[in-house]
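Below, all heavy atoms of this structure are taken into account, side chains as well, without hydrogens, waters or symmetry copies. Because the structure is a prediction, the values reported are computed rather than measured. Chain naming here is simple, since letters A, B, ... match the order of the sequence lines and numbering starts at 1 in each.
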Amino acid sequence: MSDPTLLVLASLADGDKHGYAMMEDIRAFSGTQLGPGTLYGAITRLEELGWIRALEASDRRRPYRLTPDGRRHLQEQLESLSQIVKTGRQRLKHA
Amino acid sequence: MKLYPAWWRARYGSEFEALLEQMNPDVRDFLNIVGSACLMRVKQFDPTVLALTCGLIGMAIAAGWYAGAQRLYASTLTIAIQGEQQQPSRDPLGVATRAFSDQRLLALVQRLQPYDAHHHFSDVDAVQRFRHEMAVRFTPATGPARTERYVGAGEPFVLQEQGNLQLSFVHADPRTANAAVGMLATLVIDENFREAMAAGRTRFWVAGPPKHDRTGLSFLLVVGLGLGGGWCAAIVVAVMRRRVAH
């Protein structure tokens, strides 16, 4: 899974968001400024994979919600990442 | 937005436009959108159609390049040398230097006028270019199967052996190429054989009239390279498509 999709899943983990809100949230929690094309590329892929789903649009802005599959996948990815972070930290300590 | 495929615009177009209105995109965002739209288009290609399309485009580009490229013709003339085996020249450098001296080649260039006037070549440049476009290849009757010697400034070739001396010249006009190669043969004969002929030691003759062929890559090879290039492009697109899919 590429980074933008992980960022979108992480952004939706605490509640439904539309595109602009996701972009702002991602910038706030990761410091990464996703381009609009990248963001919607990730949304398209995640929707196709069934990891997020679109909700009813209001004023052309459509919010998205994490699906149970998406939540499970995010959890797996985060566990894998935290294992990498833990190992990296331990090795740095002993270096 | 129009860069995106229709299915994508139908599904995401409205909300994507709303996002762009809200964020005031800059040049970087514009490039990001163009890149993303290309990836979305790649995503929908069928691999077979992709390979066929890229291959055809590659072949068409190659064929177009071939049609537009300057046609060059190589005229070739062979002098067969027979007679007593003679001692190698004591001055092999002198043979080439005299037969194809700058003065003689310049006289030949002035007679043939092989280069367009608008090139404004100096005498030295014209002779240099003429040297570059001519070639001498000698195949001895005995010894190594084939020896090639190209005449550059000061490179010798030894005519004392028996065998075939092949002279060639490349030019855009086949008639000029034929004329040049005939004149080169005259220079070689005048310089190297006159004396030997007079002594009856060496016989030589022009084994065939000058004949010309188009040089460079063949049409089939060019089109084949185009097809290969097209398929390489198809592989790149397929890899991009795989990245989009995952």
Side-chain angles (χ1 to χ4, degrees), chain A residues 1-9 11-12 16-28 30-67 69-70 72-74 76-77 80, chain B residues 1-54 57 232-246:
Chain A
M1 189 168 70
S2 57
D3 283 342
T5 50
L6 181 63
L7 292 171
V8 170
L9 288 178
S11 174
L12 293 179
D16 306 340
K17 289 182 191 69
H18 54 72
Y20 186 74
M22 269 187 250
M23 204 180 254
E24 290 296 303
D25 181 46
I26 288 167
R27 190 172 57 181
S30 73
T32 305
Q33 176 69 58
L34 286 186
T38 307
L39 175 71
Y40 264 83
I43 289 174
T44 308
R45 285 197 293 281
L46 290 170
E47 207 182 359
E48 281 171 357
L49 290 166
W51 292 344
I52 62 172
R53 72 181 171 86
L55 303 175
E56 196 63 37
S58 66
D59 191 23
R60 295 195 299 156
R61 296 191 306 177
R62 187 185 295 276
Y64 288 87
R65 177 174 292 170
L66 203 58
T67 64
D69 274 356
R72 200 174 314 121
H73 194 85
L74 176 63
E76 285 168 12
Q77 291 295 316
S80 163
Chain B
M1 272 290 288
K2 284 183 179 169
L3 289 172
Y4 279 96
W7 66 266
W8 193 92
R9 288 201 308 270
R11 167 63 186 83
Y12 298 99
S14 170
E15 57 189 283
F16 191 63
E17 271 176 4
L19 170 73
L20 295 181
E21 283 166 16
Q22 212 169 350
M23 64 176 288
N24 293 323
D26 58 15
V27 178
R28 245 179 66 183
D29 294 326
F30 173 76
L31 294 175
N32 180 261
I33 291 167
V34 171
S36 168
C38 291
L39 286 175
M40 284 301 160
R41 286 209 171 267
V42 162
K43 200 175 144 113
Q44 63 187 2
F45 288 151
D46 175 70
T48 314
V49 174
L50 180 68
L52 279 173
T53 310
C54 288
I57 291 171
C232 287
I235 290 168
V236 170
V237 173
V239 169
M240 283 167 67
R241 188 169 169 268
R242 205 179 148 82
R243 278 191 61 190
V244 175
H246 298 284

Counting a contact as any heavy-atom pair under 4.5 Å apart, which residues of residues 26-35 of chain B contact chain A?
->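 Answer by number: Asp29(B), Asn32(B), Ile33(B).
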Greatest number of heavy atom pairs closer than 4.5 Å to chain B - which of Gly41(A), Gly35(A), Pro36(A) =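 Highest number of pairs under 4.5 Å: Pro36(A).
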Write down the atom of Gly37(A), the atom of Ser36(B), and the distance for their closest heavy-atom approach.
->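 Closest heavy-atom pair between Gly37(A) and Ser36(B): O-OG, 3.0 Å.
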Excluding sequence neighbours, so at least two apart, what forms ring-ring contact (aromatic ring centres under 6.0 Å, His included) with Tyr64(A)?
->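 With neighbours one apart ignored, the set is empty.
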In residues 52-60 of chain A, which residues are in contact with chain B at a heavy-atom separation under 4.5 Å?
->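 Answer by number: Ala54(A), Arg60(A).
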Chain B heavy atoms under 4.5 Å from Ile43(A): which part of the residue, side chain, backbone, both or neither?
->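 Contact with chain B involves both backbone and side-chain atoms of Ile43(A).
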Reported [atom1]-to-[atom2] distance for the pair [X] and [Y], which is rounded to 0.5 angstrom:
{"X": "Thr44(A)", "Y": "Phe16(B)", "atom1": "OG1", "atom2": "CZ", "value": "9.0 Å"}
{"X": "Tyr40(A)", "Y": "Tyr12(B)", "atom1": "OH", "atom2": "OH", "value": "8.5 Å"}
{"X": "Gln22(B)", "Y": "His18(A)", "atom1": "CD", "atom2": "NE2", "value": "6.0 Å"}

Not counting sequence neighbours, which residues clear salt bridge (Lys or Arg N to Asp or Glu O under 4.0 Å) with Glu47(A)? List them please.
->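 Result, salt bridge (Lys or Arg N to Asp or Glu O under 4.0 Å) vs Glu47(A): Arg11(B).
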